[in-house]
Number of protein chains: 2
Amino acid sequence: MKGKITAARVFHALGDPTRRAIVEKLSKRPLSVSALAGPLGITLTAVVQHLQVLEESGLVRTEKIGRVRTCRAEMTGLSVLERWIAEHRSMWERRFDRLGELLDEAD
Amino acid sequence: MKGKITAARVFHALGDPTRRAIVEKLSKRPLSVSALAGPLGITLTAVVQHLQVLEESGLVRTEKIGRVRTCRAEMTGLSVLERWIAEHRSMWERRFDRLGELLDEAD
DNA sequence: TGGTTACTGAAGTAACGCCTTCAGTATCCC
DNA sequence: GGGATACTGAAGGCGTTACTTCAGTAACCA
């Protein structure tokens, strides 16, 4: 464990196209580091660096067996995002409720 | 209109801490450019640049009246995000369903 | 009208982030 | 054991991007 999973972390992680591609691949099926690197056209090293970010933001879980590291999608990060969105959506809607009341009173 | 609102765009927009701060302030109440810049401790110019990104990703809408530009939170961007998350969550869950079936057959 | 306020646009700088190379280490297979 | 495979870690290059300064323009106000 490297630290708490925050919306900030998840947004930053998914802000990068390559990392989104990795997450998309992994939501279909678990893959090794090499299996990820090949199609993406980048080095193993680059993939590992992305995986670090993705693990720290709760979007991916990895497990090394023998010499191959298997990577899977994880839901924690997405749940944190959903929560963040819900909170902000509700703040926004509360504003509209108040606006409605004001308009009603204005009559 | 500058282009289509994609999840890629929204993730990139919210990947930046300052832009998240702007969105958070605006979901509470509409604000002018100066009212945003002050508390953030950055110049008007910087704020305007962020607003451009936020508008293009459907997270903020702005309207200039006289010499003051008023900025408001918009839901479009968040909806696109929610859709992206839902899709990926369902891909992930489908994987688990299939895994269950395979385990059943294995008996 | 003249001064202040609010923003806009161009251009430069400095930091950050993605990716690479290279030099390991550990595991698998013959 | 020896060679191939799969990854790991440090260090550097380089392109992007967030922010700044400066020089405007437009609106408001006295």
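Note that the structure is a prediction, hence the values are computed from the model and not measured. Reminder, nothing fancy here: chain letters follow the sequence lines and each chain counts from 1.
For the side chain to side chain contact (heavy atoms under 4.5 Å, CB included) with L31(B), the qualifying choice from T70(B), I22(B), L26(B), V47(B) is L26(B), the only one to do so.
Contact annotation: R67(A) does not reach the phosphate of dA4(D) (side-chain N/O to OP1 or OP2, under 4.0 Å). Regarding contacts with the backbone of dC19(D), every side-chain N or O of T45(B) stays at 4.0 angstrom or more from both OP1 and OP2. Taking 4.0 angstrom as the limit, H50(A) places none of its side-chain polar atoms (N or O) nearer than this to OP1 or OP2 of dG17(C). The side chain of K64(B) places an N or O atom within less than 4.0 Å of a non-bridging phosphate oxygen (OP1 or OP2) of dT8(C). Contact check, T43(A) against dC19(C): no side-chain N or O comes under 4.0 Å of OP1 or OP2.
Both L51(A) and R19(B) sit near DNA chain D, but only L51(A) has its closest nucleotide nearer the 5' end. The 5' end of DNA chain C is approached more closely, in terms of each residue's nearest nucleotide, by V33(B) than by the other of V33(B) and I65(A). Each of G66(A) and R69(B) has a nearest nucleotide on DNA chain C; the 5'-most of these lies closest to R69(B).
Distances from the side chain of V68(A) to the nucleotides dA6(D), dC19(C), dA18(D) place dA6(D) closest. Closest to the side chain of V48(B), out of dC19(D), dT8(C), dC19(C), is dT8(C).
Put simply, the side chain of R19(B) gets close to the backbone of A13(B): a donor and an acceptor are under 3.5 Å apart.
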(message) Could you walk me through whether R89(B) and S79(A) satisfy the side-chain contact (heavy atoms from CB on, under 4.5 Å) test, starting with their C-alpha distance in whole Å, then the side-chain angles of each, then the deciding distance to 0.1 Å, before giving a yes or no?
(response) CA-CA 9 Å; R89(B) 186 186 278 286; S79(A) 303; 3.3 Å; yes
(message) For a side-chain contact (heavy atoms from CB on, under 4.5 Å) check, start with the C-alpha distance between V80(A) and F11(A), then their side-chain angles and the critical distance, and finish with the verdict.
(response) CA-CA 10 Å; V80(A) 169; F11(A) 277 127; over 6 Å; no
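Atom CG in L54(A) sits about 15 Å away from atom P in dG17(C), given to the nearest Å. If you take CG of D16(A) and C1' of dC19(C), they are 11 Å apart, rounded to a whole angstrom. H12(A) places its NE2 atom 13 Å from the C1' atom of dT16(D), with the value rounded to the nearest Å. I42(A) places its CD1 atom 16 Å from the C1' atom of dA6(D), with the value rounded to the nearest Å. Atom C1' of nucleotide dA6(C) and atom CD of E63(B) are separated by 16 Å, given to the nearest angstrom. Remark: P of dT25(C) and CG of L44(A) are 18 Å apart, rounded to the nearest angstrom.
The base of dT8(D) does not come close enough to the side chain of Q49(A) for any donor and acceptor atom to sit less than 3.5 Å apart.
With values rounded to the nearest 0.5 angstrom, E74(B) atom CD is found 8.5 Å from L59(B) atom CG.
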